[in-house]
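Some notes on the structure that comes next.
Both backbone and side-chain heavy atoms feed into the values below; hydrogens, waters and symmetry mates do not. We number each residue from 1, following the sequence as shown.
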Amino acid sequence: MALRKSLSRRRILAGVFAPTALGVVAAAAIVLPQQDTPTVADPYLAGLAKTTECHDMVSLGIGGRGDIPRDESKMLVDENGNRLPAAQQGAYRSHWVEPVISAPLENHEAGDGYAAIYIEYPADLASYENAVNKGAENTIEVMKAIRRSCPDTQFAIVGFSEGADVARRAAMQIGAQEQSEDGSWEIIDPDAVSGVVILSDAGREAGEGFFPGAENGTNPDGFDRPYQPGSDAVSGRGVLPDTNGGFGHLAGKVASFCSEGDFTCSAPENIALIELLANVGRQVNGDALEREGLTPATGADLAQVVGRVALLALADISANPDWMRSDETFLEVLIKVSDPSYDPAARPTTPVAADADSGATREDGAEAPIPAERLSNLAYLPEKIVKEVVGFIRSNQNTLAVVLADPYDQTFGYDRENDDHYGHHFDYWDDDIDGKGTSTVEYAAAWLEHLARQAKEGNAVDANKVDKAAVLMIAEETAKAETAEASTTPETSPSSTVTDDVTVADSSVPTPVDAVPAPAGDPAAPVAPPAPEAGVTTATPTPMTTTAPVSTPLETTTPATGETTTGAGSTTSSGTPTTTVAPTTTSPAPAA
């Protein structure tokens, strides 16, 4: 306990210099949980799944920091074979999002009518704002690509932590659309989105309920099962208030969950300094600060952002000649201009006559006097100072209490020795919403099951609408049949190719991975991947002819893992899976 307190206080002190790594502040919405390495599920089930493989419903899972697919050889492709920023379930699995998006698989045998995919986006802190905006852009891109091929497919969007911010922004953009005169929509028809699940909503409005816009505040529209967290609404608001807003056409189809004590979504009012630090933290390289601390390089990055904010504040004040007489404080100006969405060109300005400017010259060449209206502003200086002091105190009434409570430990607390995420940011997997042991995540999973069932019953989606020539996936029965035939006949069948002595069948129906939810009380526990099926997926099969008979080989594939790039770019992967035939199995070393 003493060690935990000591480490906690050290984080608070570090936060004074590096807002993104802080413990105190509001970079709580920025310092999000990170998986050490990507979790790759059964590689045999992963392949170049194509958007033309239609389903009644597709769930898009958006993980938090570092919790994203990274192997580009496993990415989804569109109808033209172009890679999309998403990986089908089976190519990747998230400890956190998996229990929700995999739930409907139980009622869809062999994935019939239902599919789950993971959205790829930077998911880092090299620039939080760029990462989240890119995530929303990628989510929309994938949805549009699927709808082009499968116009009847319904969607569910599920996001946690940093991914929750992505889910919110994508949902807000879809819901805010206006239908054109010809009946089309710029993104997709909002009716195509059946539901949105946001776990830890940094853009939540103060006192907002769990189901924004729903007719009944206890559950989403069309789902009769009430959500009973023990209170009508969690106190506080999201730590990024500038990202909030309505969901438009999606109102009533959004579940925005927030746990009491999760600073990301239940921050108290009147914490202006923390809000300012959060805005600054969203624009600096938080990954570098966390990794290296305050160095000349990271310090220069921080100074550049702070300097830009200061210049914007001075420019904003200069554009308002009546600012000295206004009630707006300098701290409020700093918060306004430090918002990453602040547009200097959009601020209102008051034109000033050229001859009224200080330093102007008259026709005789003498310097013109400072206009009387500007000199009169100086008379408001004492009153302005009083307003600044009073405003600072009023807008920071809860700042000290928040700092002393150490919101980082309270929100993201993790006991590495016992592998226990005790912070409130992880309550959603082991809370009890009904007194019967039902968790928030289980409730969300039940809702998605309901939506998937409705989509299956209400949409007659043609499951055969598949471009088989482009989907390189091995079905278990086909693979076994091809292997048995190869053991007696060295000739390659027309429907398969032989690559490195392994027969690769052409199948268009991927076999989903059985969901293995994290055990209650320990959502971070690793999820054991299922045993490999008899088959292998390859992104670029090269036809070969073998003369030796193949006898039911035991194959082992170890996927190469990718490195995440920082900055506003996307992730890259290195290497491709290597397949060997028993008794000798090998695993490739990832490329540097």
Side-chain angles (χ1 to χ4, degrees), residues 18-20 25-27 29-30 122 125-137 165 168-169 172-173 176 202-203 205 237-246 271-286 289 298-360 370-371 373-374 377-378 380-381 384-385 387-388 391-392 395-396 567-569:
T20 54
V25 260
I30 300 172
L125 300 183
S127 174
Y128 176 85
E129 202 65 18
N130 289 342
V132 174
N133 285 334
K134 184 63 176 177
E137 177 185 326
D165 201 352
R168 163 177 275 278
R169 299 190 195 198
M172 288 175 61
Q173 290 181 46
E205 295 184 4
R237 58 169 172 77
V239 77
L240 303 181
D242 61 287
T243 65
N244 62 24
I271 51 173
L273 279 176
I274 293 178
E275 188 176 341
L276 173 60
L277 288 174
N279 284 347
V280 171
R282 291 157 66 185
Q283 302 174 66
V284 301
N285 191 331
L289 277 169
T298 58
D301 176 44
L302 180 60
Q304 183 179 18
V305 174
V306 172
R308 182 171 65 250
V309 169
L311 290 175
L312 287 174
L314 293 176
D316 189 85
I317 291 173
S318 298
N320 182 6
D322 295 326
W323 186 79
M324 289 291 291
R325 285 174 280 180
S326 72
D327 292 330
E328 186 179 42
T329 66
F330 186 62
L331 180 57
E332 289 171 339
V333 173
L334 287 174
I335 293 174
K336 177 175 65 178
V337 302
S338 64
D339 185 336
S341 63
Y342 173 75
D343 183 5
R347 67 171 181 263
T349 58
T350 303
V352 181
D355 60 357
D357 291 339
S358 175
I370 298 175
E373 58 268 23
R374 290 216 169 179
N377 280 332
L378 297 177
Y380 293 94
L381 182 58
K384 189 66 173 179
I385 293 175
K387 289 180 179 178
E388 288 286 337
F392 182 88
S395 62
N396 284 283

### Query
Is there side-chain contact between Val132 and Thr243, with heavy atoms separated by less than 4.5 Å?
no
#### Entry: Exercise: do Tyr342 and Asn279 side chains pair donor with acceptor under 3.5 Å
no
#### Entry: Approximate separation, where rounding is to 0.5 Å, of Leu381 CG and Ile385 CD1
4.0 Å
### Message
With side chain to side chain contact (heavy atoms under 4.5 Å, CB included) as the criterion, how do Val306 and Val284 come out once you've worked through the C-alpha distance, each side chain's angles and the decisive distance to 0.1 Å?
### Response
CA-CA 9 Å; Val306 172; Val284 301; over 6 Å; no
### Message
Distance check, rounded to the nearest 0.5 Å: Lys134 atom NZ versus Glu129 atom CD?
### Response
15.0 Å
## Note on the structure
In terms of heavy-atom contacts, Arg169 and Ala136 come closest through CB-CB, 4.1 Å
### Message
Quick check for you: to the nearest 0.5 Å, what is the distance between Arg237 atom CZ and Glu275 atom CD?
### Response
5.0 Å
### Query
For the atom pair CG (Asp301) and CD (Gln283), what is the distance rounded to the nearest 0.5 Å?
10.0 Å
### Message
Given 3.5 Å as the limit, does a donor-acceptor pair link the side chain of Lys336 with the main chain of Ala313, or not?
### Response
no
### Task
Show your working on salt bridge (charged side-chain N to carboxylate O under 4.0 Å, His left out) between Asp165 and Arg282 and close with a plain yes or no.
CA-CA 13 Å; Asp165 201 352; Arg282 291 157 66 185; over 6 Å; no
### Task
Could you check if a side-chain atom of Arg308 sits within less than 4.5 angstrom of a side-chain atom of Ser338, using non-hydrogen atoms only?
no
### Query
Which heavy-atom pair separates Glu332 from Glu328 by the least distance, and what is that distance?
OE1-CA, 3.3 Å
### Message
Using 0.5 Å steps for rounding, measure from the CG atom of Leu276 to the CG atom of Leu334.
### Response
6.0 Å
### Task
Give a yes or no on whether the backbone of Gly245 and the side-chain of Arg168 come within a donor-acceptor separation of less than 3.5 Å.
yes
### Query
Mind checking whether Leu331 and Leu273 have side chains closer than 4.5 Å, heavy atoms only?
yes
### Task
Determine the minimum heavy-atom distance between Leu312 and Pro344, stating which atoms define it.
CD2-CG, 3.6 Å
### From CG (Asp316) to CZ (Phe330), nearest 0.5 Å
10.0 Å
### Task
May I ask you to test the Asn130-Pro122 pair for a side-chain heavy-atom distance under 4.5 Å?
no
### Summary
In terms of heavy-atom contacts, Tyr128 and Leu125 come closest through CD1-CD2, 4.0 Å
### Residues forming a side chain to side chain contact (heavy atoms under 4.5 Å, CB included) with Glu205, sequence neighbours excluded
Glu208, Asn244
